[in-house]
Amino acid sequence: MTTTASPVWRDQLAPLRYLAAKVARVHGGSHPAMATLAEVVATLADSQAGDHAAHAALGRRLGELTGGFRPWSGACASVHQLFLGLAAVAAALPAAGAEQA
Amino acid sequence: MPSCHDHLPPVDCDRVSAVSILSGEHRVILQVLAALEAMAVRSAAGDLPAADARDALEVLRTFADKCHHGKEEDILFPALEAQVPGFGPTQVMRAEHVEGRALIRAMGEALAAGGAATFADAARGYVDLLRAHIGKEDDILFRIAQEMLGPEQDAAILDAYRRIEHDDMGDGTHFRMLAIADRLAGTYGVARASDDAQTMALLTAVCGCRHGANPIHA
């Protein structure tokens, strides 16, 4: 049983795991990056605490897959919500090598 | 309740439908019940995990009762009762929902008073009630419902689910509750329902976006 308090970005990310899965299923056919995005979100959500290098790398990958967290033209509300949420998560991730807050 | 419906096929969770959506949600509720059961054990030993208990109650009040039971009582059950007036199985389920609400209130009162033993009793009662209740729905009522509902009725019900999830509950609430349920699962060593791909698909099927006329993205 674990009782360690989680950093803020984990709490922000947790519901986005579901939103990313939904967006991947709905839009993955026309936007294949969304399927990869969902996998990266899940990996980050389940990642080990304190592995700042991995977190930073995954955060960069989020940015790459979302074009800098910019939804495509005509994207639906779910995509906007997801990208906005992931931008906030990425901003809250500690830099690689940083002390855990 | 008679268990004479084993000849009916089980709920088809590979297909998004009015009953498979609810069966998927049952798996999350069972996940929370397992965590609640662990909290009851600790509480019975005098160690009430107050913060986790508050989170569990929030999920049970919001996700399990307001949203999930709301879908059943306000949408699915009336659709079945319209076909069979005085439909017995839904009457039983409604009565058990009322019992469950009383136990949620009891847990909340015990938590507010710091009554670990009282909380443990109410929690155990709720876990036992809901597990049996879910078993009856999945194994009997939903099998019957699956046979009773035609494609048009199913589509209308799914559209109504969207109104509950996104309009009544507010966008984001559903996934926020699932995230809390997952945190509790991690804390108490309970398996996460959404790790099953089929369950994840069901939990994320109802979409608030108006992608054409179809509210469901299967």
Side-chain angles (χ1 to χ4, degrees), chain A residues 1-32 34-51 71-89 92, chain B residues 16 24-25 28 34-35 38-39 41-42 47 49-52 55 59 63 162 165-167 169-190 192-212 214-218:
Chain A
M1 187 171 72
T2 59
T3 54
T4 308
S6 60
V8 169
W9 66 263
R10 280 197 189 276
D11 292 337
Q12 293 171 324
L13 186 65
L16 297 178
R17 190 171 75 88
Y18 291 91
L19 185 54
K22 183 176 84 169
V23 167
R25 196 178 61 259
V26 176
H27 298 290
S30 53
H31 296 86
M34 293 302 99
T36 309
L37 182 67
E39 290 172 3
V40 172
V41 171
T43 301
L44 183 57
D46 292 339
S47 62
Q48 292 291 322
D51 191 348
W72 58 84
S73 175
C76 67
S78 291
V79 171
H80 280 269
Q81 186 183 359
L82 175 63
F83 282 22
L84 195 63
L86 292 177
V89 167
Chain B
V16 175
E25 292 177 356
V28 175
M39 289 180 225
V41 170
R42 283 181 57 181
D47 176 23
D52 291 343
D55 281 350
V59 177
F63 179 83
R162 178 181 62 186
E165 266 192 42
H166 294 276
D167 299 343
M169 303 295 298
D171 269 334
T173 300
H174 194 72
F175 292 161
R176 190 168 64 80
M177 291 299 109
L178 293 175
I180 295 173
D182 288 347
R183 189 190 65 71
L184 292 172
T187 300
Y188 291 94
V190 173
R192 198 167 56 182
S194 60
D195 283 343
D196 173 75
Q198 187 186 67
T199 303
M200 177 61 106
L202 292 172
L203 294 172
T204 58
V206 179
C207 185
C209 299
R210 266 63 175 174
H211 288 276
N214 185 357
I216 297 303
H217 302 293

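The chains referred to below are lettered A, B, ... by the order of the sequence lines, with proteins before strands, and numbering in each begins at 1.
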Query raised in the report: Which atoms of Arg17(A) come close to chain B, meaning under 4.5 Å heavy atom to heavy atom: side chain ones, backbone ones, both, or neither?
Result: both
Query raised in the report: So which part of Leu178(B) gets closer than 4.5 Å to some heavy atom of chain A, the side chain, the backbone, both or neither?
Result: both
Query - Distance-minimising heavy-atom pair for Ala181(B) and Val59(B) - result: N-CG2, 4.2 Å
Requested in this report: Just give me the residue among Asp46(A), Leu13(A), Leu16(A) that pairs up with chain B most often, heavy atom to heavy atom, under 4.5 Å.
Outcome: Asp46(A)
**Report entry** side-chain hydrogen bond (donor to acceptor under 3.5 Å, both in side chains) partners of Thr43(A), counting only residues at least two apart
**Finding:** none
Query - Partner residues of Asp195(B) under the salt bridge (Lys or Arg N to Asp or Glu O under 4.0 Å) criterion, sequence neighbours left out - result: Arg192(B)
Query raised in the report: Any donor-acceptor pair under 3.5 Å linking the side chain of His166(B) with the backbone of Val206(B)?
Result: yes
